[in-house]
Chemist: 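Got a structure for you, written out below as structure tokens; questions coming shortly.
Along the sequence shown, residues carry numbers from 1. Only this structure's heavy atoms are used, side chains among them; waters, hydrogens and symmetry mates stay out. Counting starts at 1 for both ligands and their atoms, following the listed order.
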Amino acid sequence: MTQVTQRYAKILGTGSYLPANKVTNAQITERLAKDGIETSDEWIFSRSGISARHFAAANELTSDLALEASKKAIEAAGITANDIDLIILATSTPDNLGGFPSTACVLQDKLGITNQCAAFDVQAVCSGFAYSLAVADSFIRSGMHQKVLIVGAETFSRILDFKDRGTCVLFGDGAGAVVVGASDEPGILAAAMHADGSHREILCVPGRSEHGALEGSAFLKMDGQAVFKLAVKVLEQVAQEVLTAAKLTPADIDWLIPHQANIRIMEGTAKKLGIALDHVVVTVQDHGNTSAASIPLALDTAIRAGQIKRGQHLLMEGVGGGFTWAAAVVKY
Ligand code: UT7
């Protein structure tokens, strides 16, 4: 009888990058005050858990942030850039209007990859990284790709309306990257992704390009309370879905690495799942909501801090505009 070996997508290395310009709650409060808009460190921190965020420099594009995070992930994986045979880049703030050429293609060139590997962007807003993990997992399991660079990279500061205090204090810029490779040792154990387009208006950039002119607003718009309620509900559902598929329970999870949008959403999800808060990776205080970059940023931070160790079970989950949500259970 032939023994069939299961093929897994295993995390080989991670990396992350935050732009140098760190903006504290006090600094953003001062900036808004100049336009007569009131906010405070107390409001921002108590409602969201955020203390600071980083904003990209004027000449720093999403692909530049992605490049720095990718270089670190490639080094940690112990491979060279030309070993990569697929780049998946999750972003809602691509380098170019209309999203093309894809930021993944720009990144391929900036990394000096000459092997003509496939490269494409994934647009699932804050769920983009969790979506990309699921996509990479299926490409690796099918045998089509061997080493996939997955990146979440954002420059949300460029779509923030600094006259809207309900959103501009929450988001930041950054990038996180993960190299996953084909392995016969367990890696991604289960992944799932979902969407419900009927909720698309609660978190969106409503404008569009119309014959060379901007039609509508190019700023991010959010109904925070509606997003909050939906997020807590779907995150628990998708977490249970992947745990069941992986034949695990919340008690088996060493680290929950949620999308870093709001500490209250993270606490609410952990509580519903019965996962203690000291098993939740929280970095939102330092980088705010970096959308598709938030999970790989948190993952890399916890790995480099020595919190996450080889062999541990990780549950990653994201939720965002679209409305989209996704999760993955990984044996690290
Ligand atoms: O990444 C995608 C997923 N996104 C999210 O997960 C975000 C989900 N939503 C949230 O995190 C929260 O809803 C927010 C942090 C956005 C807001 O927290 P909230 O507890 O839902 O506050 P709220 O929107 O109900 O606003 C409460 C009050 C309002 O004043 P009134 O109407 O009670 O007088 C707002 O006008 O807070 C006011 N407010 C502010 N005050 C000071 C809104 N923004 C600010 C601000 N500073 N920056």
Chemist: With heavy-atom distances below 4.0 Å as the criterion, list the atoms of ligand 1 near Arg264.
Modeler: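 Listed by number with element, the hits are 18 (O), 19 (P), 20 (O).
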Chemist: Should we say atom CD of Glu38 is surrounded by more than 12 heavy atoms from elsewhere, each under 6.0 Å from it?
Modeler: no
Chemist: Below 4.0 angstrom, N of the basic side chain to O of the carboxylate: do Asp64 and Lys110 qualify?
Modeler: yes
Chemist: Can we say Lys233 and Glu236 salt-bridge, meaning some charged N sits less than 4.0 Å from an Asp/Glu carboxylate O?
Modeler: no
Chemist: May I ask you to decide if Thr283's main-chain N or O and Gln260's side chain share a donor-acceptor pair within less than 3.5 Å?
Modeler: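 Here the side-chain-to-backbone pair exists.
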Chemist: In the protein, what heavy atom is nearest to atom 30 (O) of ligand 1, and what distance, to one decimal place, separates them?
Modeler: Arg165 NH2, 4.5 Å
Chemist: Dump the intermediate steps for side chain to side chain donor-acceptor pair (under 3.5 Å) on Thr155 and Thr62, then the final yes or no.
Modeler: CA-CA 6 Å; Thr155 47; Thr62 294; 2.8 Å; yes
Chemist: Give the atoms of ligand 1, by number and element, whose distance to some non-hydrogen atom of Leu203 is under 4.0 Å.
Modeler: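 Per the distance check, 2 (C).
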Chemist: Could you list the atoms of ligand 1 found under 4.0 angstrom from a heavy atom of Asn289?
Modeler: 1 (O), 2 (C)
Chemist: Short N/O distance, under 3.5 Å, between His259 and ligand 1?
Modeler: yes
Chemist: Considering all protein heavy atoms, does one lie under 4.0 Å from atom 34 (O) of ligand 1?
Modeler: no
Chemist: Could you please spell out the steps behind the side chain to side chain contact (heavy atoms under 4.5 Å, CB included) verdict for Asp286 and Ser51?
Modeler: CA-CA 6 Å; Asp286 297 324; Ser51 294; 5.7 Å; no
Chemist: Numbering the atoms of ligand 1 from 1, which are under 4.0 Å from a heavy atom of Ile265?
Modeler: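 So the answer, numbered in order with elements, is 6 (O), 8 (C).
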Chemist: I'd like to know whether CD of Glu75 has more than 12 heavy-atom contacts from other residues, nucleotides or ligands below 6.0 angstrom.
Modeler: no
Chemist: For ligand 1, which atoms sit closer than 4.0 Å to a heavy atom of Asn262?
Modeler: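 Those of ligand 1 that fall under 4.0 Å from Asn262 are 10 (C), 11 (O), 12 (C), 15 (C).
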Chemist: Would atom 48 (N) of ligand 1 count as contacted, meaning some protein heavy atom under 4.0 Å?
Modeler: yes
Chemist: At under 4.0 Å between heavy atoms, which part of Val125 makes contact with ligand 1: side chain, backbone, both or neither?
Modeler: neither
Chemist: Would you kindly specify which portion of Ala231 sits under 4.0 Å from ligand 1, judged on non-hydrogen atoms: side chain, backbone, both or neither?
Modeler: neither
Chemist: Taking only heavy atoms of Gln225 into account, list the atoms of ligand 1 that are under 4.0 Å away from them.
Modeler: 13 (O), 21 (O), 23 (P), 25 (O)
Chemist: Would you mind listing which atoms of ligand 1 come within a distance below 4.0 Å of any non-hydrogen atom of Ala261?
Modeler: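 Counting atoms of ligand 1 from 1, those under 4.0 Å from Ala261 are 1 (O), 5 (C), 6 (O).
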Chemist: Are side-chain N/O atoms of Gln307 and Trp255 paired as donor and acceptor at under 3.5 Å?
Modeler: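 No donor-acceptor contact under 3.5 Å links the two side chains.
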Chemist: With heavy atoms under 4.0 Å as the rule, classify the contact between Thr167 and ligand 1 as side chain, backbone, both or neither.
Modeler: neither
Chemist: Can you tell me which residue and heavy atom of the protein come closest to atom 28 (C) of ligand 1, and the distance to 0.1 Å?
Modeler: Trp43 NE1, 4.2 Å
Chemist: Do Asn262 and Phe228 pass the side chain to side chain contact (heavy atoms under 4.5 Å, CB included) test, and can you show the C-alpha distance, the side-chain angles, and the key distance before you say yes or no?
Modeler: CA-CA 9 Å; Asn262 187 317; Phe228 192 110; 4.0 Å; yes
Chemist: Is Ile44 in contact with ligand 1, taking contact as a heavy-atom separation below 4.0 Å?
Modeler: no
Chemist: Does NZ or CZ of Arg53 come closer than 6.0 Å to the centre of the six-membered ring of Phe171, within 45° of the ring's axis?
Modeler: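 Relative to the ring axis of Phe171, which defines the angle, Arg53 lies outside at least one limit.
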Chemist: Show me which atoms of ligand 1 lie under 4.0 Å from any heavy atom of Gly166.
Modeler: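 The atoms of ligand 1 under 4.0 Å from a heavy atom of Gly166 are 44 (N).
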Chemist: When you look at Asp173 and Ser157, which way does the side chain to side chain donor-acceptor pair (under 3.5 Å) test go after all the steps?
Modeler: CA-CA 6 Å; Asp173 303 339; Ser157 59; 2.6 Å; yes
Chemist: Using a heavy-atom cut-off of under 4.0 Å, does the side chain or the backbone of Leu170 touch ligand 1, or both, or neither?
Modeler: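 The answer is the side chain.
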Chemist: What protein heavy atom lies closest to atom 9 (N) of ligand 1? Include the residue and the distance to one decimal.
Modeler: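 Result for atom 9 (N) of ligand 1: Gly224 O, 3.0 Å.
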Chemist: Could you go step by step and tell me if Trp325 and Glu317 meet the side chain to side chain contact (heavy atoms under 4.5 Å, CB included) rule?
Modeler: CA-CA 7 Å; Trp325 60 102; Glu317 51 173 20; over 6 Å; no
